[in-house]
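Each residue takes its place number in the sequence, starting with 1.
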Amino acid sequence: MYRAYLKRTFDVLGAGLALVVAAPALLLIGVTIRIRLGSPVLFWQMRPGLHGQPFQIMKFRTMSDQRDASGRPLQDAARLSAFGTFLRSTSLDELPELWNVVKGEMSLVGPRPLLMEYLERYTPEQSRRHAVRPGITGLAQVRGRNALTWDEKFALDLEYVTRGSLLLDIRILLSTIWQVVTRQGVNQPGHATAEHFVGSAVR
């Protein structure tokens, strides 16, 4: 009943209130990005949403546009500035996604929206993570974030799909605040950002 009738109301009210409260921070971050990294301030990318339907996710930009002699973007580690690292470690780069929640493309809590190219790499079981709207935070984010393996993340995503509830959403949101404060599991060992998913060994 919660997922069918109440979760959307919870999302709209929660995201709307958060946007109002965070408005000064949104403005300050946007101005700082414009000064340090230039335009654009926001990063847009197509991601799979509910039932795998594509939508444009909106985040604060955290990387420079540095390229090599051939015009190709440098590796993430080379383009990720100290300010960008701070935004990611505190999850402040995710704040614009509140607007995706208001629009109905995302939820406050749910499996994270990954890359479109991953859709064809999922097992049928892993594809079930798209049975619910993707979230700004989720069970995998409060149980280890990027320190987890892909299989561990997907197992937690599917656990959320199976047993999602209002109480679980509240627990995840409260745990997320703690994760942000302590900055746990931001990166995978040896990687500036999350390692790309190339597919599970067993399909």
Side-chain angles (χ1 to χ4, degrees), residues 1-51 53-63 80-114 129-130 132-143 145-146 157 160-161 164-186 193:
M1 178 178 289
Y2 166 66
R3 185 172 293 166
Y5 301 105
L6 300 178
K7 185 172 173 64
R8 179 65 188 140
T9 301
F10 179 76
D11 282 339
V12 172
L13 292 177
L17 177 61
L19 280 170
V20 172
V21 173
L26 288 164
L27 179 60
L28 179 60
I29 294 169
V31 170
T32 305
I33 292 173
R34 180 67 178 83
I35 293 171
R36 292 187 174 224
L37 298 177
S39 294
V41 168
L42 295 174
F43 168 78
W44 303 79
Q45 189 176 54
M46 295 301 294
R47 297 287 179 94
L50 182 64
H51 305 310
Q53 293 301 306
F55 74 98
Q56 277 201 322
I57 196 171
M58 183 168 57
K59 297 185 177 186
F60 278 126
R61 181 178 166 212
T62 58
M63 292 187 182
L80 189 60
S81 66
F83 181 62
T85 300
F86 168 75
L87 290 179
R88 288 190 175 211
S89 67
T90 56
S91 296
L92 291 173
D93 63 315
E94 311 280 1
L95 285 178
E97 292 171 33
L98 291 167
W99 183 242
N100 289 119
V101 175
V102 171
K103 291 168 65 180
E105 298 164 334
M106 292 181 64
S107 176
L108 290 174
V109 180
R112 284 294 296 162
L114 303 175
R129 68 191 303 278
H130 293 290
V132 298
R133 285 186 179 88
I136 294 179
T137 186
L139 200 55
Q141 282 60 55
V142 300
R143 296 270 185 91
R145 205 171 173 181
N146 287 330
D157 289 343
Y160 178 81
V161 170
S165 66
L166 175 59
L167 181 59
L168 182 59
D169 278 4
I170 292 173
R171 285 176 175 171
I172 290 173
L173 288 171
L174 292 176
S175 295
T176 298
I177 295 172
W178 174 251
Q179 291 282 77
V180 168
V181 171
T182 58
R183 305 188 193 182
Q184 296 177 10
V186 177
T193 56

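Listed here is the closest heavy atom pair of V132 and L50: C-CD1, 3.4 Å. Considering every non-hydrogen atom in both A15 and V101, the closest pair reads CB-CG1, 3.6 Å. Closest of all the heavy-atom pairs between P24 and V21 is CD-O, 3.5 Å. Considering every non-hydrogen atom in both R112 and I136, the closest pair reads NH1-O, 3.1 Å. Counting all heavy atoms, side chain and backbone alike, F55 lies closest to P134 at CE2-CG, 3.9 Å. When every heavy atom of M46 is checked against every heavy atom of P54, the shortest pair comes out as CE-CB, 3.5 Å.
Remark: R171 CZ is loosely packed, at most 12 non-hydrogen atoms of other residues, nucleotides or ligands lying under 6.0 Å away.
A donor-acceptor pair is defined here as one N or O able to donate and one able to accept, closer than 3.5 Å; no such pair exists between the side chain of R88 and the backbone of T62.
Residues K59 and E94 form a side-chain contact, since some pair of their non-hydrogen atoms from C-beta on lies under 4.5 Å apart. For the pair Q56/Q45, no side-chain contact is recorded, criterion being any heavy-atom separation below 4.5 Å from C-beta on.
Rounded to the nearest 0.5 angstrom, L139 CG and I172 CD1 are separated by 4.5 Å.
At a cut-off of 3.5 Å, with distance as the only test, a side-chain donor of S107 or D11 sits close to an acceptor on the other residue. In summary, the side chains of S81 and R36 do not present any donor paired with an acceptor at a separation below 3.5 Å, with no hydrogens or angles considered.
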